[in-house]
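First up is the structure itself, then whatever we jot down about it.
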Amino acid sequence: MIKSIFKKKYIIPVVASAFLFVGVSFKDNFFEIAKQIEIFTTLFKELNRNYVDETNPGELMDKAIKGMLASLDPYTVYFNEQDVVKFKINNTGEYTGIGALITRKDDKIVLREIYKNFPADKAGLKAGDEIIQIGDVLLSDFKDDASQLLKGAKNTKVDIKYIRQGKTNTAQIVLDEVEIKSVPFFGKIDDKTGYIVLAHFNNKASLETKEALEQLKREGAERIVLDLRGNPGGLLNEAVNICNLFVPKNETIVTTKSKIEKHNNTYKTSREPIDTAIPLVILVNGKSASASEIVSGALQDLDRAVVIGSRSFGKGLVQRPVELTYGTQLKVTISRYYTPSGRCIQALDYAHKDKNGVATRNEAKNYNAFKTRKGRTVYDGGGIQPDIEMEQTKSSPITDALEKNDGIFNYVTAYYYKNPNLGNTIPVFSDADFLDFKQFLKAQKFSFDTETELALKNTLAVAKKEKIDESIQVEYQQLLTALQKSEDNLLDKNKTEIKKLIVDEIIKRYQYQEGLYQYYIKNNAEIKKAVEVLNSGSEYKTILKM
């Protein structure tokens, strides 16, 4: 019997990271810092005093700070008062709201995913709905963070207007407490194999994982699949505690190294484990980052788990929040983390950027080899490389574009209303359906926004500005046609991957996230491979040199 403890989550667009709560440090060159602060203060005062139009000092300062930090890495960020609230929600796992994943797009809030039995669901809202008004506030006139308008005290009633399939509707949402679960789902794959989904690392992650593990063991699970795919990370100490469930007390899990001595730390397990012998497989992919890589990397280095999937994201940087004045906050990168074998798996070098300001990626030829406890070779420099890599888990550029620019999301929204009675039936997405998908993209004039496509559009824009576009129109159209044909060929080449993502999205629309996990247990290739390895005791032992 499947056990679901899926309490839905509201995902804030803030990158989850490993946090280290230690003291603040400053550079020794105090004079230079004081000098630059004085220059900036003088400039800021004179700008606001003399500029021809009225200025907004708060907005100017917000942009100035964020612009300065953008030259560093994407994890060193400034939080204004509203951002701090989101940050705390992300770590505590609790807030009052509507229970949905949302994004801001133009003058609307788009509902990306509705979580079962939470306020948005109870109000009859669906993924793909576009909120245009909250209370008396038209979002076209509201440029601040509109998600704040969907928060408030429990039982607060919020009236909204939204667009669904071109028609404007109204609804009333009654706000309620929403708990962000680190373990949104766990269950039995078969009589002997337990499955735990660990979605992110808030301060309840290790407790929820422990409870799931103990429950599965009571139900007869003799081996475990821990799914970290798509997990962006979170609290460092929770990653250590989760490893502690499977390895003995006083085991080194991760070390942090910095130019500042106080930020150099070694993190060891501090509790008695739950089970140090139960066979364990960890699933990762290119969206598994930070704390996910600490867990998978440490358990790989300690020869405690077989890692399956595709190479993880490669975030080996540690952040620490620093409280500032007036309720603001700085999240700053203070150190790099290293797995037990000594690996730093950071993939991007933010100290060296290309001419476009993009951090350079470490090349495989520059990776360094390390040894696990039993002598297996592992590498640094580019995420955690699985013990068993699966091609079907890797993401292609064309599918990344389809997800980023909502090609699949928008198609499934249309599909949902064309097929309202699918219910719990697992959809069969045929080649004819795939052709329909491609025709939908053409009808919607979908843009893949590849570098080539963007460069071509930019060329035409410059040509129009210089009034020479007519003379190159024929050549432009030829290039555009060739590019579109190439994109069409790429769609066909990656048809299997794209169809899988479409089916996943369809299942979520009818059966919520829980239904998707239940589908994965029976059909997902990575999970099937994990069970195969666990069933073959010899293969599992051979990989880990047991």
Side-chain angles (χ1 to χ4, degrees), residues 8 10-11 13 97-152 155-176 178 402-425 427 429 432-447 501-513 515-516:
K8 308 302 178 187
Y10 174 87
I11 301 178
I98 68 171
L101 167 60
I102 67 174
T103 56
R104 181 74 181 258
K105 187 175 183 181
D106 300 325
D107 296 330
K108 310 176 187 73
I109 284 179
V110 180
L111 300 180
R112 305 287 305 184
E113 186 175 352
I114 305 297
Y115 301 128
K116 189 176 181 179
N117 295 328
F118 280 90
D121 188 33
K122 292 177 180 178
L125 297 173
K126 303 292 182 183
D129 290 346
E130 300 175 335
I131 299 175
I132 57 174
Q133 183 173 334
I134 302 173
D136 296 328
V137 179
L138 288 170
L139 296 190
S140 58
D141 299 328
F142 192 80
K143 302 307 178 185
D144 294 331
D145 182 6
S147 69
Q148 299 301 313
L149 300 174
L150 296 172
K151 295 186 177 69
N155 295 323
T156 298
K157 295 178 180 178
V158 179
D159 294 314
I160 66 167
K161 284 185 181 179
Y162 65 95
I163 297 172
R164 176 184 292 173
Q165 296 293 284
K167 181 182 177 182
T168 301
N169 303 277
T170 62
Q172 186 177 80
I173 307 174
V174 181
L175 303 185
D176 200 355
V178 177
L402 287 169
E403 291 193 288
K404 178 183 177 182
N405 294 341
D406 292 338
I408 291 174
F409 179 82
N410 291 339
Y411 174 78
V412 173
T413 298
Y415 179 99
Y416 178 84
Y417 292 105
K418 289 179 182 177
N419 302 273
N421 301 316
L422 192 62
N424 291 330
T425 304
F429 202 76
D433 291 323
F434 188 74
L435 180 60
D436 180 64
F437 169 67
K438 293 204 298 180
Q439 291 171 342
F440 173 85
L441 296 180
K442 288 181 180 178
Q444 297 293 315
K445 296 182 179 179
F446 179 80
S447 176
L501 292 173
I502 292 174
V503 169
D504 287 356
E505 185 65 29
I506 290 173
I507 291 172
K508 280 197 297 183
R509 297 300 178 95
Y510 295 90
Q511 302 173 39
Y512 303 91
Q513 193 71 256
L516 181 61

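- Distance check, rounded to the nearest 0.5 Å: CG of Leu139 to CG of Asp107 gives 8.0 Å.
- Side-chain atoms of Ser140 and Ile132, non-hydrogen and from C-beta on, never get closer than 4.5 Å to each other.
- Put simply, CD1 on Ile408 and CG on Asp504 are 9.0 Å apart, with the number rounded to the nearest 0.5 Å.
- Side-chain contact between Arg509 and Glu505 is present, with heavy atoms from C-beta onward closer than 4.5 Å.
- The aromatic rings of Phe429 and Tyr411 stand perpendicular to each other, their planes meeting at an angle above 60°, with 30° marking the opposite boundary.
- Classification of Lys105 and Asp406 as a salt-bridged pair holds, one side-chain N sitting under 4.0 Å from a carboxylate O.
- The closest side-chain heavy-atom distance from Val174 to Asn155 is below 4.5 Å.
- Two residues are said to be in side-chain contact when any heavy atoms from C-beta on lie closer than 4.5 Å; Asp176 and Phe118 fail this criterion.
- Partner Leu402 forms a side chain to side chain contact (heavy atoms under 4.5 Å, CB included) with one of Leu501, Leu441, Ile502 and no other, that one being Leu441.
- Closest heavy-atom contact between Ala146 and Arg104: CB-NH1, 3.4 Å.
- In plain terms, the two heavy atoms of Ile114 and Ala127 that are nearest each other are CG1-N, 3.6 Å.
- Atom-to-atom distance recorded for Thr168:OG1 and Glu130:CD is 10.0 Å, nearest 0.5 angstrom.
- Atom CD1 of Ile173 sits about 6.0 Å away from atom CG of Leu150, to the nearest 0.5 Å.
- When every heavy atom of Ala414 is checked against every heavy atom of Phe440, the shortest pair comes out as CB-CE1, 4.2 Å.
- Considering every non-hydrogen atom in both Gly99 and Pro119, the closest pair reads N-CD, 4.4 Å.
- Once rounded to the nearest 0.5 Å, the distance linking CG of Leu516 with CD1 of Ile506 reads 11.5 Å.
- For the pair Ala100 and Leu111, the tightest heavy-atom approach, listed with the atom from each and the gap, is CB-CD2, 4.5 Å.
- For the pair Tyr512 and Asp121, the minimum side-chain heavy-atom distance is below 4.5 Å.
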Can you give me every donor-acceptor pair (side chain of residues 156-167, partner residue at least two apart or in another chain, under 3.5 Å) with its distance?
residue	atom	partner	partner atom	Å
Thr156	OG1	Ala153	N	3.4
Thr156	OG1	Ala153	O	2.7
Asp159	OD1	Gln172	NE2	3.0
Arg164	NE	Asp129	OD1	2.9
Arg164	NE	Tyr417	OH	3.0
Arg164	NH2	Gly124	O	3.0
Arg164	NH2	Asp129	OD2	2.8

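- Here the rule is side chain to side chain contact (heavy atoms under 4.5 Å, CB included) with Phe409, and of Asn405, Val412, Thr413 only Thr413 fits it.
- Between the side chains of Asp433 and Tyr415, no donor-acceptor pair is found at a separation under 3.5 Å.
- Between Ile507 and Pro427, the shortest heavy-atom contact is CG1-CD, 3.9 Å.
- A distance of 10.0 Å separates CZ of Phe437 from CG of Asn410, quoted to the nearest 0.5 Å.
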